[in-house]
Amino acid sequence: MSDAPTLHFHTDPGEFLAAAGDHLAADPVIGTVVATVAHRQLAGLADGVAPPEDDWWLVVRDASGDVVGAGMRAAPFAPRPPYLLPMPDEAAVALARVWHERGEEVRAVNGALPAARRCAAEVARLGGGRVEVAQHTRLHELGDLVRPAPVPGALTVAAEDDVDLAAEWFEAFMADADEQAGRPRGVSAHETPGRAELLRRIRGGRLWFWTDEAGRRVHLTAANPPSFGVARIGPVYTPPEQRGHGWASNAVAEVSGLLRAEGARVCLFTDQANPTSNRIYANLGYRSVVDMANLVIVT
């Protein structure tokens, strides 16, 4: 009997959560992205929205049958990078070999280090090319919330007629983040929620604006519904002409406090190449949990 970990693929997010839920719940901050997407797709299924046929969910088990890793391929944007949570090195390598054997093209791998790096390196070895880092990210969890110096204005929950502005700012967020990190605008593949998904978030009370003294919307902070007791903030976006006024610090602090008051642990991601956002969140009381990366295989 082999002691190597085994890979178990699921096409139904409900089946995946039934198999991996205890594992995700044991470290819900680390698993926040996979858990959030699985629960979002489960909610979509209940509304009659079927996930793409080539989505999959991965459960890694050790020789005794215990779950020791998880992942997914459910990204709605090209090149549909798989997202890996921590897993044994040999499982990450075996995963790349499974893709190769079944002819599944993978040109990018996202997720926790070192698993994502081990997997991407094996993809490159098998198919040719080299691994490059598209973006280094860091996951943080809120410790003791430190309120910033107050600024004029107030946090306002978004209404349905804010959906167009929200869509515009969600779209601008990643391109601006690329620019702030010294990358060309628009190089980072990312998900921009459709209008229906944005309306779902707005109706769920998960999207806020900071309004200035004149009532103008000058900043957006959003959050995901809690999964296994963890709520993840993002995106956090201030238009260029409104930066430097403290809107982001105050909005994120307010939203963090609201989420914690609901009983949730609170986390968020930062781009390690953006010192401004890393400093802002550290000052609010966010502490580093794990480094992650978006990796691409370049031929």
Side-chain angles (χ1 to χ4, degrees), residues 13 17 24-25 28-49 51 72 74-77 83 137 139-142 145 147 153-174 176-177 190-211 217-239 247-270 277 280-281 284-286 289:
L17 286 169
L24 295 172
V29 173
I30 296 287
T32 175
V33 172
V34 171
T36 298
V37 175
H39 280 120
R40 183 189 306 157
Q41 288 208 1
L42 202 57
L45 279 170
D47 291 340
V49 180
M72 65 179 180
F77 53 87
Y83 190 99
T137 60
L139 179 61
H140 304 258
E141 183 178 4
L142 181 64
L145 178 60
R147 300 276 180 176
L155 190 73
T156 305
V157 67
E160 288 191 25
D161 58 5
D162 292 315
V163 66
D164 291 334
L165 179 60
E168 178 185 334
W169 284 5
F170 265 70
E171 185 65 41
F173 163 72
M174 201 66 226
D176 281 19
H190 67 289
E191 175 185 6
T192 301
R195 185 182 181 90
E197 175 61 24
L198 277 175
L199 281 169
R200 186 198 302 269
R201 296 191 193 188
I202 288 171
R203 289 167 183 153
R206 298 288 129 179
L207 204 153
W208 298 263
F209 290 101
W210 191 268
T211 55
R217 286 150 171 72
V218 294
H219 167 88
L220 177 148
T221 291
N224 289 274
S227 288
F228 299 111
V230 172
R232 176 165 41 88
I233 288 177
V236 174
Y237 180 71
T238 307
W247 311 135
S249 294
N250 277 262
V252 172
E254 289 283 338
V255 170
S256 300
L258 289 171
L259 296 172
R260 178 162 279 178
E262 294 176 359
R265 295 167 67 181
V266 188
C267 69
L268 51 76
F269 280 96
T270 63
S277 63
I280 285 173
Y281 299 130
L284 294 177
Y286 281 87
V289 175

Residues that Arg195 engages under salt bridge (Lys or Arg N to Asp or Glu O under 4.0 Å), provided they are two or more places apart: Asp164
Closest approach of Ile202 to Ala158 (non-hydrogen atoms, all atoms of both residues): CG2-O, 3.6 Å
Rounded distance [0.5 Å steps], CH2 in Trp169 versus CZ in Arg217: 8.5 Å
Glu168: salt bridge (Lys or Arg N to Asp or Glu O under 4.0 Å) partners, not counting sequence neighbours: none
Steps toward side chain to side chain contact (heavy atoms under 4.5 Å, CB included) verdict (Tyr83, Val37): CA-CA 11 Å; Tyr83 190 99; Val37 175; over 6 Å; no
Minimum-distance pair of heavy atoms, taken over all atoms of Val218 and Pro239: O-CD, 3.3 Å
All side chain to side chain donor-acceptor pair (under 3.5 Å) counterparts of Glu141, not counting sequence neighbours: Arg265
Closest approach of Gln41 to Ala74 (non-hydrogen atoms, all atoms of both residues): NE2-CB, 3.8 Å
Contacts of type side chain to side chain contact (heavy atoms under 4.5 Å, CB included), residue Ser256, not counting sequence neighbours: Leu142, Leu145, Ile233, Val252, Val266, Tyr286
Side chain to side chain, Val163 and Arg201, heavy atoms closer than 4.5 Å: no
Thr36: side chain to side chain contact (heavy atoms under 4.5 Å, CB included) partners, not counting sequence neighbours: Thr32, Arg40, Asn224, Ser227, Arg232
From CG (Leu198) to CG (Leu165), nearest 0.5 Å: 10.5 Å
Shortest non-hydrogen contact between Ala223 and Leu259, atoms and distance: CB-CD1, 4.0 Å
Point-to-point distance, once rounded to the nearest 0.5 Å, from CH2 of Trp210 to CH2 of Trp247: 8.0 Å
Shortest non-hydrogen contact from Trp208 toward Val157: CD1-CA, 3.8 Å
Polar side-chain atom of His219 near backbone of Thr211 as donor-acceptor pair, under 3.5 Å: no
Residues in side chain to side chain donor-acceptor pair (under 3.5 Å) contact with Arg147, at least two apart in sequence or another chain: none
Salt bridge (Lys or Arg N to Asp or Glu O under 4.0 Å) partners for Asp161, two or more places apart: none
With sequence neighbours excluded, residues passing side chain to side chain contact (heavy atoms under 4.5 Å, CB included) with Ile280: Ser249, Thr276, Leu284
Results of ring pair (Phe, Tyr, Trp, His ring centres under 6.0 Å) for Tyr281 - residues two or more places apart only: none
Sidechain-backbone polar pair: Thr221 side chain, Val236 backbone, donor-acceptor under 3.5 Å: no
Contacts of type side chain to side chain contact (heavy atoms under 4.5 Å, CB included), residue Ala222, not counting sequence neighbours: Phe170, Leu207, Leu220, Pro235
Partners passing ring pair (Phe, Tyr, Trp, His ring centres under 6.0 Å) against His39 (at least two apart in sequence or in another chain): Phe228
Arg200: salt bridge (Lys or Arg N to Asp or Glu O under 4.0 Å) partners, not counting sequence neighbours: Asp47, Glu197
